[in-house]
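Only one structure is covered here, and it is reproduced in the block below.
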Amino acid sequence: MAPQTRGMSFPKVLIERDSDSEESSSEEEEDDDEVQNDVAEESDDEHVEEKDEASTSTKIRREPITISLKKVCKVCKKPGHEAGFRGATYIDCPMKPCFLCKMPGHTTMTCPHRVATEYGVAPATHKSTHSSLEYVFERQLRCRVSAIKPAFLIPNKVNCAVIRYHSRRITCLEFHPTRNNILISGDKKGQLGVWDYGKVHERTVYGNIHGCILNNMKFNPTNDGTVYGASSDGTISSTDLETGISLSLLNLNPNGWQGPSSWRMLYGLDMNSDKGILLAADNFGLLYMMDMRSNNVTGKPILIHKKGSKVTGLHCHPLQPELLLSCGNDHFARIWDMRRLEAGSSIYDLSHKRVVNSAYFSPQSGSKILTTSQDNRLRVWDSIFGNLDSPSREIVHSHDFNRHLTPFRAEWDPKDASESLVVVGRYISENYDGIALHPVDFIDVSKGQLVAEVMDPNITTISPVNKLHPRDDVLASGSSRSIFIWRPQENFELKRPRDENRIVLCGKGEKQRKGKFEDDSGDDFDNGTYGSKSLKTKKPFLKSKAYGSKRKC
């Protein structure tokens, strides 16, 4: 659950404690022995006198200690105020800037970026350039971007779900490249799940793939029945989805655990399909390349980020795979040319104020860049061939968290021809009819407008992992250990069979089908409940703009 602040006042406690000197403690032991001897047999007057003198000296040395327990702020550790969640309300520490926009002078509840129509967009000054690269961009790439923005069709209603699908929180999701109803998922324990959400009950979890967090997954472009995985155990795996048989392609920790200073973890993962190269990056700033045909490492690791910093993401350009985009804990997203890939040879470095969780080229033309930073900012560059000194827009969005939560990553809608719609989960909860919910936001990054915020009253956990289907109007959300499939509400009743149970319960929930189901994973801040009966009776909340109900191509 979100941390609750207690309104009760703490009492003052009076503690009587003996002197800490060794002399007094030894005298007390002697006194106890003498008292026991006096009870057992009659003692002499000398013993009685010694006992009286010792007890008198002990009473003199005893001094009462008064301890006053005061409420202190969880952020600055100072008394007199409080900070944190109170229900659906986040209370800021008055000694710190606004938690949402990181600017002083106001609180999160009154933050202007929270209530702005454009959802906190801060446009940067446009600096026109007249270079040959921009000329080529306008002639060859700009024509791929639709001049007319299509109407957005938002998946806003839960169609089916698997409750407690994984044993730990979900860390990544991927849709199958050819089979529309297949969704694969990874979790904190390293398990790999395969779910046919069209048949709902057909699901499989392979638990022998990795030893810990499965951070990223990619399908083999030549064999869609095989998926690659990068894990925090320092291995890259190739898994057959039918049999669950896994082959380890790379192991950075062959000698096992030798301490945190030498343990290597793999995070970023992508592939250059033209050259048949699999790319992976670790927590020491190094990039590894593997030949997918021979499953062998090619060349030596290359330092692409600050030495000792984590590389959180990799993404190859959709049209020019030689261009590589990386991001990391050194507060930078970097663009590379793989034809001359070496340390310090990045084409451009995109500076951020804090850790960059993700960085992606736009899906159609690859001309735009979208980054998610831990400073509660989504940054958009409209042209990779223009001026990259500052982003085209900075959008304030709540995704700064502490720990025990999968990092938030804003992702493009792969079906949007205008390359403007993105989806991202929200951290700070909102009060919807007395229920504290964490919605999933759809944002038009071309102007920073909040298109829709979708939520279900039964999903009270945070949903940091969200993936839009590349062909269907479907959204998959990973919330704690559960997976939810969203579809547009107008098509939901037509496609859903009335007599079929669309909510699958795993683990303890299978024995508790008549009530609500608590999610006790211990990894997220909130405990989630989701009941099969309440799905039919409660309507989902949706706030969206009038963008039409059908997608136009």
Side-chain angles (χ1 to χ4, degrees), residues 99-102 113-114 118-122 124 170-174 215-216 267-270 281 305 309-316 324-335 349-363 366 368-382 384 388 390-403 405-414 416 419-428 438-451 453 462-468 475-479:
F99 180 75
L100 178 59
C101 70
K102 313 301 181 185
H113 296 293
R114 182 168 183 164
E118 287 76 20
Y119 210 70
V121 61
I170 294 169
T171 55
C172 52
L173 295 171
E174 287 289 335
N215 292 306
N216 218 321
Y267 289 89
L269 183 71
D270 205 356
H305 281 264
S309 65
K310 181 196 304 181
V311 182
T312 56
L314 298 173
H315 190 220
C316 290
L324 175 66
L325 181 62
S326 65
C327 58
N329 279 13
D330 59 353
H331 303 184
F332 280 96
R334 306 180 192 272
I335 305 175
D349 298 333
L350 309 177
S351 176
H352 294 69
K353 294 182 179 179
R354 289 185 62 186
V355 173
V356 187
N357 293 337
S358 65
Y360 298 107
F361 290 112
S362 54
K368 299 181 181 181
I369 292 178
L370 170 69
T371 65
T372 307
S373 178
Q374 204 66 17
D375 62 352
N376 276 348
R377 296 293 192 280
L378 304 179
R379 290 176 173 84
V380 183
W381 284 263
D382 286 336
I384 61 174
L388 298 178
S390 60
S392 303
R393 277 165 301 283
E394 288 187 2
I395 303 172
V396 178
H397 183 266
S398 174
H399 49 253
D400 179 16
F401 66 97
N402 214 352
R403 54 183 175 176
L405 194 66
T406 304
F408 292 85
R409 298 181 179 93
E411 297 194 10
W412 300 95
D413 183 359
D416 179 24
E419 297 182 334
S420 57
L421 185 64
V422 303
V423 61
V424 59
R426 192 188 304 179
Y427 173 67
I428 294 181
H438 303 265
V440 178
D441 293 331
F442 289 82
I443 301 176
D444 182 356
V445 294
S446 63
K447 50 186 176 181
Q449 189 174 29
L450 181 65
V451 178
E453 46 185 353
I462 305 171
S463 303
V465 186
N466 299 278
K467 179 73 66 172
L468 284 166
L475 169 68
S477 296
S479 184

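As the structure is a computational prediction, the values presented were derived from the model and not from experiment.
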Has [X] got a side-chain atom pairing as donor or acceptor with [Y]'s backbone, closer than 3.5 angstrom?
X      : Y      : value
Asp444 : Ser446 : yes
Asn376 : Leu100 : yes
Ser420 : Val445 : no
Ser362 : Lys368 : yes
Ser392 : Asp382 : yes
His438 : Tyr427 : yes
Thr406 : Ile170 : yes
Ser398 : Ile428 : yes
Asn466 : Val424 : no

Take Asn215 and Thr312, measure what side chain to side chain contact (heavy atoms under 4.5 Å, CB included) needs, and give me the verdict at the end.
-> CA-CA 9 Å; Asn215 292 306; Thr312 56; over 6 Å; no

Is there side-chain contact between Asn357 and Ser373, with heavy atoms separated by less than 4.5 Å?
->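 Contact flag for Asn357/Ser373 side chains = no.
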
Ile369 versus Val380: any side-chain heavy-atom pair under 4.5 Å?
->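 Ile369 vs Val380: side chains apart.
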
Short N-O contact, Asp441 and Arg426, less than 4.0 angstrom =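 Salt bridge: yes.
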
Is the shortest distance from a Lys or Arg side-chain nitrogen in Asp400 or Arg354 to a carboxylate oxygen in the other one below 4.0 Å?
->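 Salt bridge flag = yes for Arg354 with Asp400.
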
Ring pair (Phe, Tyr, Trp, His ring centres under 6.0 Å) with [X]: which residues, sequence neighbours excluded?
X      : value
His399 : His397
Tyr360 : His315
Phe408 : none

Nearest atoms (heavy-atom pairs only) where [X] meets [Y]:
X      : Y      : result
Ser479 : Ile462 : OG-O, 3.1 Å
Trp412 : Leu468 : O-CD1, 4.4 Å
Asp416 : Leu421 : OD2-N, 2.9 Å
Ala333 : Thr371 : CB-CG2, 4.4 Å
Cys327 : Val356 : CB-CG1, 3.6 Å

Please walk me through it: do Asp349 and Arg334 pass salt bridge (Lys or Arg N to Asp or Glu O under 4.0 Å)?
-> CA-CA 5 Å; Asp349 298 333; Arg334 306 180 192 272; 3.1 Å; yes

When rounded to the nearest 0.5 angstrom, what distance separates CZ in Arg377 from CZ in Arg393?
->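 Arg377 CZ to Arg393 CZ: 15.0 Å, rounded to 0.5 Å.
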
